[in-house]
Amino acid sequence: MARTSLIMALPDMVLVVHRDGRILDSLGGRTFSFDLGPEAWEGQSVEEVLPAGVAQQLQSHLARVLRTRQPLTDITRADDGRDFELRLSVHGRERVLCVVRDLSGEHQTAAEYLQTASTTGETLARDTFLHLLNDAVNTSRMSERPLALLAIGFMGYEEVCHSIDGEGQSILARQMSSRIDEVLADASERLGAMVSTQLSVEQFAVLASSVTGGEQALEIAQQLSDALAKPYNLEAREITLRPAVGIAVAPQDGNSGEHLLRNAMTAMEESAMLDRSGIERYTDTRRLRTERRQDLIEELRWAISEDQLTLHYQPVFQLRDARPVAIEAFLRWQHPLRGVLNAAEFVPLAEATGQIQKISEWALAQACRDLMSIRASSSMTLSVSVNLSRHYFSRLDLLDSLNRVFEETCFDPAWLQLDITERMLMRPEQVGPVLGALKKLGIGLQVDDFGSGYTSLKQMRRFPLDALKIDGAFNDGNGRAPDDEAVCRSVIALAHAYGMRCIAEAVETSTQVRFLRDAGCDDIQGSLFSREMPLDALEVFLEQFHQGRSFEGAAEDTDIAAL
């Protein structure tokens, strides 16, 4: 390295260190009071140059940085009580660039900076926050005094993100940050120093260094959740988001800043997936589930490229004449070690990590290709229904994405039925225009699992829907439970009153078939007639059906199992 007088005056010590701890080059270090100057450091080991404790911590970080090829920042304490900041980054195949800063003396200590930032209500830069977090966790570990880290995210943010531009997202983030600052300003007067940072566009973190334990952390989390759940005014619109807060308490939930943040983020993600109160505390009992989930998240990134995702299908029959009219697609993951995974086991992970958009587009295109194959090999004019994630419907380029799939597969949009949830219909101002545009393309729209949500009749009238699918839980009581029968009759009557078809799911007995036929249901599907199956098995099933097999006469107790 060239050593100009300016570089030599740097307060930081900059070292190029080999994997084995030897110093290969150096500069700076004006504030270090060591016997040796920078020109004499080369060839020495870090243990011979740096204070005891600091050298040991630096040595432990070298292998990790070279293995991960990712930079690392830490704040550590020397045996003499001084605080040092370490910044490491890859500088070759076997070398690491290390920047060492003495935080004592003329520099403000991390604890003092934390108190100052809390008093001024300052939102810290991400790197500064992470440095302070490392120092605070180290102090907590040595003093055995707890501190809390809160990770904050927002359920439904991705849907909102696709409906606003970049400037709108920045305005929304500023409003979120302002609300966090207001809560912390009030809470810090009672509970001690607290600081926050923005980790990403929609994720924040709060460090509460003076809490006495989990109860106070929960109190802060609830105040933040209440403040962040209030509507946001943006571009003449009112936007509501559901915050998800994860809590990790040091030292028991993490022995480093990175460890504690990872566990707080895990608790936040679990809070979003469980969809309960919006607040979750990390505990050791979640460790195995966390490790398994992290493995699945990483493996899911390769599922599409490795052809591990697949679709299974279940036929839908017209009850009047026992004729197949459609097939419903079910997403499955053929995991190389865990076997076949249902969508419920990995779709929430895909939604939480943003991978759901790519998976949804793949599933839609594959369903279109598979139906084209079926229509080409048989005389049956079937349609296919696909249950896409609600995140896919929030895309700004939704129509372009659909048209691209139709063009690539030569698919007629009239052959596609999209299943939507009652939860989506509860936001008519946002979803109404989208459904109208889909309808103009010729796509059919079905409400899946109707009766399990809270859609009002007034809302139902506002949407261009084609069918209601009765939730399978209500079909289970048909023929023996008057309450379930009353619900099914009401849903069938409602569908017909609004000009829609009614489809009964999870039909498993001939008694249910007789009831649904008497009640006027249009279509049925269920394991009584056919379980879900891969494409090749479905093609064989449909060919056999075409040759004369059917469940016609089911209401008269014929042998449906022979279908």
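Fair warning: this is a prediction, and the values are worked out from it, not measured in the lab. Along the sequence shown, residues are numbered consecutively beginning with 1.
With sequence neighbours left out, the side-chain hydrogen bond (donor to acceptor under 3.5 Å, both in side chains) criterion links Glu505 to no other residue. Evaluation of the side-chain hydrogen bond (donor to acceptor under 3.5 Å, both in side chains) rule for Gln446 yields Asp419 as partners, not counting sequence neighbours. In terms of the side chain to side chain contact (heavy atoms under 4.5 Å, CB included) criterion, residue partners of Asp226 (sequence neighbours excluded) are, by chain and number, Gln222. When the side chain to side chain contact (heavy atoms under 4.5 Å, CB included) test is applied to Pro71, the partners found at least two apart in sequence or on another chain are Ser89. Not a single side chain to side chain contact (heavy atoms under 4.5 Å, CB included) links Arg93 to another residue, sequence neighbours left out. The salt bridge (charged side-chain N to carboxylate O under 4.0 Å, His left out) check on Asp370 picks up nothing, with sequence neighbours excluded. By the salt bridge (charged side-chain N to carboxylate O under 4.0 Å, His left out) test, Arg262 pairs with no residue at all, sequence neighbours left out. Partners of Asn387 according to the side-chain hydrogen bond (donor to acceptor under 3.5 Å, both in side chains) rule, which considers only residues two or more places apart in sequence or in another chain, are Asp448. For Gln355, the side-chain hydrogen bond (donor to acceptor under 3.5 Å, both in side chains) test picks out Thr353, with sequence neighbours left out. For Arg531, the side chain to side chain contact (heavy atoms under 4.5 Å, CB included) partners two or more places apart in sequence, or in a different chain, are Ser527.
Arg338 contributes atom CZ, which lies 5.0 Å from atom CD of Glu299 (distance to the nearest 0.5 angstrom). Interatomic distance, Arg390 CZ to Phe393 CZ, rounded to the nearest 0.5 Å: 12.0 Å.
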Please tabulate, one pair per line, all N/O donor-acceptor pairs under 3.5 Å involving side-chain atoms of residues 398-407, not counting sequence neighbours.
unit_1: Ser401; atom_1: OG; unit_2: Tyr392; atom_2: OH; d: 2.5
unit_1: Asn403; atom_1: ND2; unit_2: Leu399; atom_2: O; d: 3.2
unit_1: Arg404; atom_1: NH2; unit_2: Glu361; atom_2: OE2; d: 2.9

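Minimum heavy-atom separation, Cys502 to Val491: SG-CG1, 4.1 Å.
Among residues at least two apart or in separate chains, ring pair (Phe, Tyr, Trp, His ring centres under 6.0 Å) pairs with a member in residues 340-365 are Trp333-Phe346.
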